[in-house]
2 protein chains.
Amino acid sequence: MIRILLVEDQAMMRGALAVLLGLEDDLEVVAQVGTGTEIVPTALEVRPDVALLDIELPGISGLEAARELAARLPECRVMILTTFSRPGYVREAMAAGAVGFLVKDGPVEELADAIRRVLRGETVLDPALAAATLRAAPNPLTARERDVLAASEDGSSIADIAGRLFLSPSTVRNYLSAAIGKTGTRNKTEAALAARRNGWLG
Amino acid sequence: MIRILLVEDQAMMRGALAVLLGLEDDLEVVAQVGTGTEIVPTALEVRPDVALLDIELPGISGLEAARELAARLPECRVMILTTFSRPGYVREAMAAGAVGFLVKDGPVEELADAIRRVLRGETVLDPALAAATLRAAPNPLTARERDVLAASEDGSSIADIAGRLFLSPSTVRNYLSAAIGKTGTRNKTEAALAARRNGWLG
DNA sequence: AGCGGCCACTGACAATTGTCACCGCCGGGT
DNA sequence: ACCCGGCGGTGACAATTGTCAGTGGCCGCT
């Protein structure tokens, strides 16, 4: 019996997947949670064979949780199940020690089988996705540039961002200018969107 | 046997829901599609009792499809199943003649039951959501203001937007200024985000 | 010890954006 | 016939944003 921890923030998706996986007679969903913060505590308690993690979650992200699980519960395989096949996500997932990366617009039928393959020691990663990730440029942004872009995602003015990050407005403008250059965009809004699309903002 | 047309763009979600609904012995998913454009043709062909529609879809939106279904296949009940409980969405769904509005972060268990209730002639709509929708201001934006905001969502400059909509840049700035005023925001990025959040951009 | 990269900041400048007042045109009510 | 509201536009102005050049401090590498 393969013991699964299911992590997904959308309750209906989570419930549907749990029912679905429960129908397989070698699989068992031993816990399901909807936030990032619950992942590690729950995993330490129920000691699942596999953790199936969404990335974009309330609390900490699935990628951070994956890193922590690798350190604190190394016998638990980590698989990522996400809406977005952003190059940065794939890269980070692999770096965090995940052994599977599935995209939610693939067929459901693949899911149970992917879990079994991971338990047999295989790594599950769509070859086309792997190739696209390798082809894409790795994250060229510095930590500060990421901070500033993330803070500008809600349309804040430079003055707001500076206030929130305790930086001078001029400094913020310089980071934004650098980010605009690196992303090949024309203003901070486009830069933030591009960085988000590439999975460069965590 | 209740015959269901299932519309949802995320394949894994669609597949999982189909399996789940198929487990109920009075429900039958007679067709499933993943784009807005397929909805009406498929419905006319399979003549379902209920169409369960996502809103944000490739092609036309679920709300547009709902309007068309009401006109061309009035015996088919329309239910909306969406991620976002945006006031504008609820309003438009009801105006389009939908008899159910479900949010994807509710429990799966409710889904099958909601379908049965709709078939018995009930309207399914969370009272708290209904209240919140009535409390929220109705869409104050004119058609042009919506166009301009939608065109600015990708961070385009005013000149770009003007080119795309065949308007003078000054006109675009005037519409944006009006939209910024009506949304109570400080610049076009915030205005576009606010309008999107309220479900004012379709 | 010297070099390069990132961080934090300043000041100057140009370009873009946001506001306002004002123009005419049209279509719907009353 | 009149008014109102939406549409499309102009020009002027202020504020914000983006670019560039330059200052230092700090850290890691060779």
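In what follows, chains carry the letters A, B, and so on, assigned in the order in which the sequence lines appear, proteins first and then strands, with residues in each chain numbered from 1. Worth knowing before you read on, the calculation uses all heavy atoms, side chains too, and leaves out hydrogens, waters and symmetry mates.
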Leu53(A) and side-chain contact (heavy atoms from CB on, under 4.5 Å): which partner among Leu6(A), Val7(A), Thr82(A), Val33(A)? Val7(A)
What is the distance from OH of Tyr175(A) to P of dT19(D), rounded to the nearest Å?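 Nearest whole value for this atom pair: 16 Å.
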It should be established whether Ser168(B) places a side-chain nitrogen or oxygen under 4.0 Å from OP1 or OP2 of nucleotide dT10(D). yes
Do the side chain of Arg146(A) and the main chain of Leu141(A) share a donor and acceptor less than 3.5 angstrom apart?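 It does hold such a pair.
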Has Glu110(B) got a side-chain atom pairing as donor or acceptor with Pro107(B)'s backbone, closer than 3.5 angstrom? no
Over how many whole Å does the gap from Asp160(A) atom CG to dA15(D) atom P extend? 17 Å
Polar side-chain atom of Asn187(B) near backbone of Ser157(A) as donor-acceptor pair, under 3.5 Å: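 Absent.
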Check whether any side-chain N or O of Lys182(A) sits under 3.5 Å from a backbone N or O of Pro140(A) as a donor-acceptor pair, and report yes or no.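 Yes.
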Detail all sub-3.5 Å separations between protein N/O atoms and N/O atoms belonging to nucleotides 16-22 of chain C.
{"residue": "dT17(C)", "atom": "OP2", "partner": "Ile158(B)", "partner atom": "N", "Å": "3.1"}
{"residue": "dG18(C)", "atom": "OP1", "partner": "Lys188(B)", "partner atom": "N", "Å": "2.9"}
{"residue": "dG18(C)", "atom": "N7", "partner": "Arg173(B)", "partner atom": "NH1", "Å": "3.0"}
{"residue": "dG18(C)", "atom": "O6", "partner": "Arg173(B)", "partner atom": "NH1", "Å": "2.5"}
{"residue": "dT19(C)", "atom": "OP2", "partner": "Ser177(B)", "partner atom": "OG", "Å": "3.0"}
{"residue": "dC20(C)", "atom": "N4", "partner": "Asn174(B)", "partner atom": "OD1", "Å": "3.0"}

Give me each pair satisfying side chain to side chain donor-acceptor pair (under 3.5 Å) with a member in residues 128-141 of chain A, each pair once, sequence neighbours excluded.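 Passing the test, one end in residues 128-141 of chain A: no pairs.
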Does any N or O in the side chain of Glu8(B) come within less than 3.5 Å of the main-chain N or O of Gln10(B), such that one atom is a donor and the other an acceptor?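 At least one qualifying donor-acceptor pair exists.
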Rounding to the nearest 10°, end axes of the helix from dA1(C)-dT30(D) to dT30(C)-dA1(D) built from five pairs each make an angle of 30°
Can you name the salt bridge (Lys or Arg N to Asp or Glu O under 4.0 Å) partners of Asp147(A), sequence neighbours left out? Arg144(A)
Side-chain ion pair, Asp54(B) and Arg14(B), N-O less than 4.0 Å: no
Heavy-atom closest contact (Ala136(B) atom, Arg91(B) atom, distance):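 That closest heavy-atom pairing would be O-NH2, 3.0 Å.
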Using a 4.0 Å cut-off on heavy atoms, which residues in residues 138-145 of chain B reach DNA chain D? List them by number, or say none.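 By residue number: Thr142(B), Ala143(B), Arg144(B).
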Sorted by first residue and then second, give each salt bridge (Lys or Arg N to Asp or Glu O under 4.0 Å) pair with at least one member in residues 192-202 of chain A; sequence neighbours left out.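 Sorted pair list: Glu153(A)-Arg196(A).
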Within the structure, does a side-chain N or O atom of Thr171(A) lie under 4.0 Å from either OP1 or OP2 of dC9(C)?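 Yes, such a contact exists.
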Arg146(A) atom CZ is separated from dC6(C) atom P, nearest whole Å, by 11 Å
